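In what follows, a structure is listed as structure tokens, so that the remarks can point back to it.
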Amino acid sequence: MHLTLLLLALGAIAFLTFNIVISVRVWRIRSLPGWRRALPGLPLRTAPAATLSRAADTTVVAETLAFPLNAATAAVDLFELRRHRTRTDRTGGSGPSV
């Protein structure tokens, strides 16, 4: 049981680190408007608040919102990075690199 919890915690930390890294990469794309650069960070900032709601015995909020918000962050980040790479490849590599 202890090994299972350890592996689960390591997986959660790895997923959070992945989310933070790709959010920073999207934030550094200067060709995006400011609201689109900030968009992936918003659910990433909201998910810990949903997770911390467990301390107030509102586990329904944490169970319902925390993981979907983190998954939405990853999906939006990957979409923006893929779109940026496609756009820069089409234009011959002109534009800021990430």
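Quick note: residue numbers are just sequence positions, from 1. Every value quoted in this text rests on a predicted model; they were computed, and no experiment measured them.
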For [X], give me all partners under side chain to side chain contact (heavy atoms under 4.5 Å, CB included), at least two apart in sequence or on another chain.
| X | answer |
| --- | --- |
| Leu42 | Arg45 |
| Thr4 | none |
| Phe18 | Ile22, Ala74, Leu78 |

Quiz prompt | Rounded distance (nearest 0.5 Å) linking atom CZ of Arg82 with atom OG1 of Thr86 | solution =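 OG1 of Thr86 is found 8.0 Å from CZ of Arg82.
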Quiz item: Going from NE2 on His2 to CG on Leu7, what distance comes out if it is rounded to the nearest 0.5 angstrom?
Solution: 13.0 Å
Quiz item: Where is the tightest heavy-atom contact between Arg37 and Leu32, given as atom of each residue plus distance?
Solution: CG-CB, 3.5 Å
Self-check item: Counterpart residues, side chain to side chain donor-acceptor pair (under 3.5 Å), relative to Arg36 (two or more places apart)
Solution: Glu80
Self-check item: Apart from Leu52 itself, residues in the same hydrophobic cluster as defined by side-chain heavy atoms under 4.5 Å
Solution: none
Self-check item: Transitive ILVMFWY cluster of Phe79, excluding itself - 4.5 Å side-chain cut-off
Solution: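 Members alongside Phe79: none; it stands by itself.
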Listed pairs under 3.5 Å, donor-acceptor, residues 55-72 side chains, sequence neighbours left out:
residue : atom : partner : partner atom : Å
Thr58   : OG1  : Ser53   : O            : 2.8
Thr64   : OG1  : Val60   : O            : 2.6
Asn70   : ND2  : Ala66   : O            : 3.4

Self-check item: Of all pairs that satisfy side chain to side chain donor-acceptor pair (under 3.5 Å), the ones with a partner from residues 9-24, not counting sequence neighbours
Solution: Ser23-Asp77
Quiz prompt | Criterion side-chain contact (heavy atoms from CB on, under 4.5 Å) on Leu81 and Ile29, from CA distance to verdict | solution = CA-CA 9 Å; Leu81 286 173; Ile29 300 174; 4.0 Å; yes
